[in-house]
Amino acid sequence: MSRDHVQSADQAVRHTDLGPSAEAPFLELLARGASADAYEQLVLAARALGLPAERIAELERAKLLALRVRSELEGRRRREAELSALFETAHDLAGLRDLDAVLQAIVQRARSLLGTDVAYLSLNDPARGDTYMRVTEGSVAARFQQLRLGMGEGLGGLVAQTARPYVTDDYFKDARFQHTSSIDAGVRDEGLVAILGVPLMLGHHVIGVLFAADRRARVFEREQIALLGSFAALAAAAIDTANLLTETRSALAGLERANEIIQDRSAVIERASDVHDRLAELVLRGGGVHDVAAAVSEVLEGTVEFTEAHTAPPSALEASRAEGHAVRHQDDWIAAVAAGGELLGALVLRGHPGLDPVDQRTLERAAMVTSLLLLARRSAAEAEQRVRGELLDDLLDARDRDPRLLRERAARLRADLDATQVVLAARLDGPTADAEQEADARRRLWSAASHLAATRQGLAAARDGGTVLLLPLAPGDTATDLARRTARQLGTAVHEAVTVGASAPVEHLATHPDAVAAAYAEGRRCLDALRLLGRTGDGAAAEDFGFLGLLLAGDRDIAGFVDRTIGQVVSYDERRGTDLVRTLDAYFACGMSPARTKDDLHVHVNTVAQRLERVGRLLGDDWQSPARALEIQLALRLHRLASTAQH
């Protein structure tokens, strides 16, 4: 630590000793963007000055808080830089004129944001059956820049074969991919050690690979892999756009040679140009997916809507994603909105069966722009998801018991802790091949649950190998309905069976945060019961299991069970002064024999028959079925025990 820094720290500490606040010097460090070491030096200087222990403790707490704020600010600056780069790249794509310039910008921004020594992009050459370097940034070796790789060779070949990202901490020690002398020589000339590669996808086809690499050992974080994947999606879109522009230029050249075709197709071309300009403008001014749908509706003179994946026709949506084109479904056209292997939704053109091929391409381009907008906003959405998860984690662990702070945190997320809520426990029940695929499936479930919670003004968090949601209960809705609907929606989103167990409705969570943990435990028990009963992919609450619900419910609602089962009979006795409950008790005790029952009650057998007939009208014709009879006997015994306790 320099002499100037020591004097500055001493002065700051002396200042804090004169004032009431220990945070002031750390706020000054935050304001001028000081390094992390400077925060520790303040505390060391305070100790050197011999300040009281309580003042040292205050400085320690202020230091930790300031470092947390500094870390959060750095994270936000990094996310803002990532979003800015994605928007700038989308802007370049919207005004695409020079494909090489756009690809060079993508590679440069990927290298800058990931902080790597080198970034490069390779494209497949179908004519020669290999792949070649198209763009490099930070490379110094000529042989590396001119590499051509056979399909299936090197890390890039592994990425192209599997259509999945791959990362290696040490290229030359990694035996997962095929090493060749030419590739290894080029990598050695460049001095690369750690390499990350993500596929460039058009539909289900890999057209190339985007790489980021360092000349030292390095572990790439999951967020960095996802960011490079977003750049790869933009690069693939730029290449596809350039190909489409080439096709358009060829078509225009052909139209110039045939004046009749130009006249016949002029209106279509004008619409395509119009939608291109409109979509470019939407991207530049930060429009949303519904703005894209509205713009395309005007151009195609029809109704275009963006829908969630679970509301679109499944067969048509899957066909569009597989083919990479819009497909007809009855009188509608469906264009899948997808990014890599993830289905984000669909653009649906309503009531327009006779769609021109150029208009079909317009719809497909709109779907691609929609996917770009969704990708660009994903980073911001993931940040909000983490905040929602943190609040729900605090409620589950009852860490924050200040109702005012809990309400404020929830309000910022558009959630209402004073409304009636239901806690739902959700788990995947599909088969998994390995641990990596299982982890990926859990991430997809958490992402889908977080999206659902955000749209329903709720909360979601990853928990116990699954996901827990806190969703508001709408008037007239039940916990069972909400559980089944959630299971169906999550299953559609992740393309796997999702089982959901729900708690009974809970209220006033801001003042009773510990109720969330109890409700979650109840939801977990319902979830386990569903899986044991073989009802995977379904949703249920404790009330769905009859008397078994008493074992599943957190608060053991015995009075509620008795009322639901024999409440009408008990009420009838109270109003009329009859003896139906006692007759039912004797009837079951006598093996459901009216003859023995009349002896036990000392009444005529016709009296027994009349009373049982009245019971049937109150409880339903199936009251003597085995399942109903079992529940009624249990309710009678609980009613008798409760009556005994009251007397």
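What you see is a predicted model; the values in this text were computed from it and never measured. The first residue of the sequence shown is numbered 1, and numbering continues consecutively from there.
Side chains of Arg443 and Arg222 form a contact here, defined as non-hydrogen atoms less than 4.5 Å apart. Residues Asp100 and Arg134 form a side-chain contact, since some pair of their non-hydrogen atoms from C-beta on lies under 4.5 Å apart. Side chains of Leu317 and His329 form no contact here, defined as non-hydrogen atoms less than 4.5 Å apart. Side chains of Leu196 and Leu114 form a contact here, defined as non-hydrogen atoms less than 4.5 Å apart. Residues Val107 and Thr136 are not in side-chain contact: their nearest non-hydrogen atoms beyond the backbone lie 4.5 Å or more apart. Side-chain contact between Glu305 and Thr303: present, with at least one pair of heavy atoms (C-beta onward) separated by less than 4.5 Å. Counting heavy atoms from C-beta on, the side chains of Ile207 and Asp240 never come closer than 4.5 Å. Val140 places a side-chain heavy atom less than 4.5 Å from the side chain of Arg215.
In terms of heavy atoms, Ala238 sits closest to Val102 at CB-CG1, 3.8 Å. Val198 and Pro165 make their closest contact through CG1-CB, 3.7 Å (heavy atoms, listed as atom of the first residue, atom of the second, distance). Shown here for Leu490 and Ala426, the closest heavy-atom pair between the two residues is CD1-CB, 4.1 Å. Residue Ala346 comes nearest to Ala312 through the heavy atom pair CB-CB, 4.2 Å, listed as atom of the first residue, atom of the second, then distance. Contact detail for Ala335 and Ala326: the closest heavy-atom pair is CB-CB, 4.0 Å. Considering every non-hydrogen atom in both Gly138 and Glu190, the closest pair reads O-OE2, 4.0 Å.
Note: Ile225 CD1 to Ser230 OG = 12.0 Å, rounded to the nearest 0.5 Å. The OH atom of Tyr166 lies 4.5 Å from the CG atom of Leu158; values are rounded to the nearest 0.5 Å. Note that CZ of Arg128 is 3.5 Å distant from CZ of Arg148, once rounded to the nearest 0.5 Å. Within the model, atoms CZ of Phe211 and CG of Leu228 stand 10.0 Å from one another, a figure rounded to the nearest 0.5 Å. Expressed to the nearest 0.5 Å, how far CD1 of Ile183 lies from CD of Gln178 amounts to 7.5 Å. Taking CG from Leu469 and CZ from Arg456, the interatomic distance works out to 10.5 Å, rounded to the nearest 0.5 Å.
For Thr131 (side chain) and Leu123 (main-chain N/O), a donor-acceptor pair under 3.5 Å exists by modelled atom type. A donor-acceptor pair is defined here as one N or O able to donate and one able to accept, closer than 3.5 Å; no such pair exists between the side chain of Ser112 and the backbone of Gln108. At least one donor-acceptor pair closer than 3.5 Å links the side chain of Arg444 to the backbone N or O of Val494. Judged by distance alone, with hydrogens and angles left aside, the side-chain atoms of Arg111 form a donor-acceptor pair with the main-chain N or O of Asp117 at under 3.5 Å. With hydrogens and angles ignored, the 3.5 Å screen pairs no side-chain donor or acceptor of Asn124 with any backbone N or O of Pro126. Side-chain atoms of Ser320 never come within 3.5 Å of backbone atoms of Ala316 as a donor-acceptor pair (strictly under, hydrogens ignored).
Note: Tyr171 and His179 have perpendicular aromatic rings, judged against thresholds of 30 and 60 degrees for the angle between ring planes. By the 30° and 60° cut-offs, the orientation of the rings of Phe144 relative to Tyr120 is perpendicular.
For the residue pair Thr241 / Arg365, a side-chain donor-acceptor distance below 3.5 Å is found, with atom types taken as modelled. A donor and an acceptor atom, one from each side chain of Gln145 and Ser139, are located under 3.5 Å apart.
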>> Before you tell me yes or no, could you show the steps for Thr168 and Lys173 under side-chain contact (heavy atoms from CB on, under 4.5 Å), namely the whole-Å CA-CA distance, both residues' side-chain angles and the distance that decides it to 0.1 Å?
In response: CA-CA 9 Å; Thr168 178; Lys173 293 182 181 179; over 6 Å; no
> Between Val187 and Phe172, does a side-chain contact (heavy atoms from CB on, under 4.5 Å) hold up when you go through it step by step?
Replying inline: CA-CA 9 Å; Val187 174; Phe172 292 101; 3.9 Å; yes
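For residues 176-187, the salt bridge (Lys or Arg N to Asp or Glu O under 4.0 Å) pairs, not counting sequence neighbours, are Asp174-Arg176.
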